[in-house]
Amino acid sequence: MQGTDGNFYGTTNELGTGTICPTEGALCGTIFKITSTGGFASLYNFCSLPGCSDGGVPLSQLMQGTDGAFYGTTSEGGSTSCSFGCGTVFKLSVGLASFVQSTPAFGKVGYTIFILGNNLTGTSSVTFNGVAAEFTVVSGSYIKATVPSGATTGTISVVTPTGTLNSNVAFQVLP
């Protein structure tokens, strides 16, 4: 998957430089990054042995949360109370900035959309490509906003007490 920094992130369910997985007979997998110019870096090696809480043998595609971190699941490890096959949900932070995400990522003027993010309580402004919108903060991670008249396709910006969060994908204003 492509992260908000333009680099590509993924997992392998074997190999890496971690511990050998007894149930797989190979190393327990990695999280890696490939830059847009083809540079490769291994970011994390899973363990998966009993006593390793990080898990191993990643199964799912990575997802980037609005906190900037990557999330995924494993089929092995994750608990010290079972031998193998428990699995876990993992989080890897590589220092990417938080952002907001609209659902849907398109709409006509006057439509209500949902904006997801982190630490949204106390939001003082929501704009669609620079045009102020009416909004309601529903919770710390959820805002309802109306696509304003005069809005054009572009970035949604949300001003919170701790800074401005921008959308990771351009919002498409439909005719």
Side-chain angles (χ1 to χ4, degrees), residues 1-21 23-24 26-80 84-105 113-123 125-127 129 137 139-143 154-172:
M1 68 128 338
Q2 189 170 20
T4 54
D5 62 353
N7 293 315
F8 300 93
Y9 296 84
T11 61
T12 64
N13 62 3
E14 291 187 6
L15 303 178
T17 60
T19 306
I20 299 278
C21 288
T23 58
E24 298 293 324
L27 298 175
C28 294
T30 68
I31 304 173
F32 63 87
K33 172 177 85 171
I34 300 175
T35 66
S36 59
T37 59
F40 176 84
S42 180
L43 301 176
Y44 189 80
N45 291 289
F46 290 96
C47 172
S48 188
L49 293 173
C52 293
S53 61
D54 68 339
V57 189
L59 287 179
S60 63
Q61 178 179 341
L62 290 175
M63 295 176 53
Q64 188 176 14
T66 57
D67 61 355
F70 293 99
Y71 295 84
T73 60
T74 67
S75 65
E76 303 290 333
S79 172
T80 57
F84 294 98
C86 295
T88 190
V89 175
F90 65 84
K91 172 184 177 180
L92 178 71
S93 179
V94 295
L96 300 182
S98 296
F99 59 91
V100 290
Q101 181 176 347
S102 67
T103 301
I113 61 128
F114 309 107
I115 301 171
L116 306 174
N118 291 299
N119 303 314
L120 300 177
T121 301
T123 291
S125 169
V126 173
T127 60
N129 206 20
V137 176
S139 72
S141 60
Y142 173 49
I143 293 173
T155 302
I156 295 175
S157 296
V158 175
V159 178
T160 71
T162 58
T164 300
L165 300 172
N166 293 312
S167 58
N168 62 330
V169 174
F171 183 83
Q172 302 291 316

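Note that this is a predicted model, so its numbers are computed, not measured. The figures that follow rest on heavy atoms only: side chains count, while hydrogens, waters and symmetry mates do not. The residues of the chain are indexed from 1 along the displayed sequence.
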Which value, rounded to the nearest 0.5 Å, describes the distance between [X] atom [atom1] and [Y] atom [atom2]?
| X | Y | atom1 | atom2 | value |
| --- | --- | --- | --- | --- |
| Asp5 | Thr35 | CG | OG1 | 10.0 Å |
| Phe90 | Tyr44 | CZ | OH | 9.5 Å |
| Phe32 | Leu62 | CZ | CG | 8.0 Å |
| Tyr9 | Leu43 | OH | CG | 6.5 Å |
| Thr12 | Phe46 | OG1 | CZ | 8.5 Å |
| Ile115 | Ile156 | CD1 | CD1 | 4.5 Å |

Quiz item: Are the side chains of Tyr142 and Leu116 in touch, meaning some heavy atoms are under 4.5 Å apart?
Solution: yes

Exercise. Would you indicate whether the side-chain heavy atoms of Thr4 and Leu96 approach each other to under 4.5 Å?
Key: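 Yes, their side chains come closer than 4.5 Å.
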
Quiz item: Among Thr66, Leu120, Asn168, which one satisfies side chain to side chain contact (heavy atoms under 4.5 Å, CB included) with Val100?
Solution: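 Answer to the side chain to side chain contact (heavy atoms under 4.5 Å, CB included) test with Val100 among Thr66, Leu120, Asn168: Leu120.
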
Exercise. Check whether any side-chain N or O of Thr123 sits under 3.5 Å from a backbone N or O of Ser125 as a donor-acceptor pair, and report yes or no.
Key: no

Quiz item: Judged by atom type as modelled, is there a donor-acceptor pair below 3.5 Å linking the side chain of Ser60 to the main-chain atoms of Gly72?
Solution: no

Closest heavy-atom contact between [X] and [Y]?
| X | Y | result |
| --- | --- | --- |
| Gly29 | Pro58 | CA-CD, 4.2 Å |
| Gly3 | Gln64 | CA-OE1, 3.4 Å |
| Phe171 | Ser102 | CD1-OG, 3.5 Å |
| Ser36 | Gly6 | CB-O, 4.3 Å |

Exercise. Tell me, yes or no, whether the heavy-atom count around Met63 atom CE, taken from other residues, nucleotides or ligands under 6.0 Å, exceeds 12.
Key: no

Quiz prompt | Neighbour count above 12 (heavy atom, 6.0 Å) for Gln61 CD | solution =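 Result for CD/Gln61: open.
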
Self-check item: Donor-acceptor side-chain pairing of Ser157 and Thr155 below 3.5 angstrom
Solution: no

